[in-house]
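This report refers to the structure that appears directly beneath it.
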Protein chains: 2
Amino acid sequence: MFSIGGLSKKTKVKIPTIRYYEEAGLLAAPERTNGNQRRYDQAGLERLSFIKHARELGFSIEAILSLIELQEHPDRSCDEATAIATAQLSDVRAKIKKLRSLEKELKRISDCCDGSGLSEDCNVLTALADHTLCIHPSHG
Amino acid sequence: MFSIGGLSKKTKVKIPTIRYYEEAGLLAAPERTNGNQRRYDQAGLERLSFIKHARELGFSIEAILSLIELQEHPDRSCDEATAIATAQLSDVRAKIKKLRSLEKELKRISDCCDGSGLSEDCNVLTALADHTLCIHPSHG
DNA sequence: TGTAATGTCTCTAGTAACTAGAGGTTCAAG
DNA sequence: CTTGAACCTCTAGTTACTAGAGACATTACA
């Protein structure tokens, strides 16, 4: 049994975040001491590790809730879990694609100015002001 | 001279967002009709286009504020604008790097489950629960 | 000129996923 | 038994918007 501070140290999840996860229904409300302080066991630690890992992978709180529900009903098909992971994967891929095109344009913008002049003539500002200089329209 | 709705159509920025930009100090408060409605001119349109473009490139409101201040003080060095753009570029690159490693792990997780079984044995859930299965720790 | 439809106004509150702080209570050590 | 750290709840702030209420303005048309 450990306190919220202990759990926080073990998992490197901040204390208010742990309470937030409990509030959000991700983390079961743990036992309390007579003085109303939270006391966690191994199961709580594992659950929080799961949540942390999923958050690091970019899963939303909502998606994690679905995954947890699946864990708690092992009789259901795992289609759903796979679907959530696959959706997350294409989301990540879309973000990468978008960021790559941003990278291109930002590189172009940064490169065309050596920073030595006055901002009056700054190409960074010009490039930002003039959308038509874009290589590609940047949303997609 | 056009209304906020007209500006919204031209720029494809939603009306409440335009008002939000004004409130945030990005967009100068425009003239008003006798009936208190906003009326924009060409300068307003250009400014909003600038803001939109910068937002699409992932610049924060704060960063855009700095860029606008630079535009309004053309006597200053453009170092600052270049610095902001460069910072934005390395930010984008860091994000890409992180997303690539997430992509790898998500692909591994998704691939090892064909979705046909019960969630009891689901590898997606196992992979998420067991951090040690990670190829690499996923934050960086 | 009247009226109806559409547009706009301000203000408040909600979103995601936390984070920070106030003001009070409990725990663990000595 | 006291001290100091850790903990409690609650509220509010963050970013960049988005949505809605209720009132007022503008425009089109008869």
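In what follows, chains are A, B, ... by sequence order, proteins preceding strands, each numbered from 1. Side chains included, hydrogens not; waters and symmetry mates left out as well; all remaining heavy atoms used.
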So which one's nearest nucleotide on DNA chain C is more toward 5', A:K14 or B:G6? B:G6
Report all side-chain donor-acceptor pairs from residues 9-25 of chain A shorter than 3.5 Å, counting only partners two or more places apart or in another chain.
from, atom 1, to, atom 2, distance (Å)
A:T11, OG1, A:L7, O, 2.7
A:T11, OG1, A:V13, N, 3.3
A:E22, OE1, A:R38, NE, 2.8

Can you sort out the partners of A:R55 under salt bridge (charged side-chain N to carboxylate O under 4.0 Å, His left out), two or more places apart, ordered by chain and number? none
Please name all residues satisfying side chain to side chain contact (heavy atoms under 4.5 Å, CB included) with B:T33, sequence neighbours left out, ordered by chain then number. B:Q37, B:R39
Name all pairs fulfilling the side-chain hydrogen bond (donor to acceptor under 3.5 Å, both in side chains) condition that reach into residues 59-68 of chain B, sequence neighbours left out, sorted by first residue then second. none
Contiguous pairing runs of three or more, Watson-Crick or G-U under 3.5 Å, that involve DNA chain D: C:1-30 with D:1-30
With 3.5 Å as the limit, what N/O pairs link the protein to nucleotides 9-11 of chain C?
from, atom 1, to, atom 2, distance (Å)
C:dC9, OP1, B:R38, N, 2.8
C:dC9, OP1, B:R38, NH1, 3.0
C:dC9, OP2, B:R19, NH1, 2.3
C:dC9, OP2, B:R38, NH1, 3.3
C:dC9, O3', B:R32, NH1, 3.4
C:dT10, OP1, B:R32, NH1, 3.1
C:dT10, OP1, B:R32, NH2, 3.2
C:dT10, OP2, B:R38, NH1, 3.0
C:dT10, OP2, B:R38, NH2, 3.0

Give me the residues of residues 20-28 of chain A where at least one heavy atom lies under 4.0 Å from an atom of DNA chain C, by number, or none. A:Y20, A:Y21
Got a sec, which residues hit salt bridge (charged side-chain N to carboxylate O under 4.0 Å, His left out) with B:R100, two or more places apart in sequence or on another chain? none
Give me the first and last nucleotide of DNA chain D, going 5' to 3', that has any atom under 4.0 Å from a heavy atom of chain A. D:dC7 to D:dT9
Does the distance from a Lys or Arg side-chain N to an Asp or Glu carboxylate O, for B:E103 and B:K107, drop under 4.0 Å? no
Name all residues meeting the salt bridge (charged side-chain N to carboxylate O under 4.0 Å, His left out) criterion together with A:K95; count only those two or more places apart in sequence or in a different chain, and write none if there are none. A:D91
State which residues pass side chain to side chain contact (heavy atoms under 4.5 Å, CB included) with B:D41; sequence neighbours excluded, sorted by chain then number. B:M1, B:A43
Listed partners of A:Q88 passing side chain to side chain contact (heavy atoms under 4.5 Å, CB included), at least two apart: A:F59, A:V92, B:L106
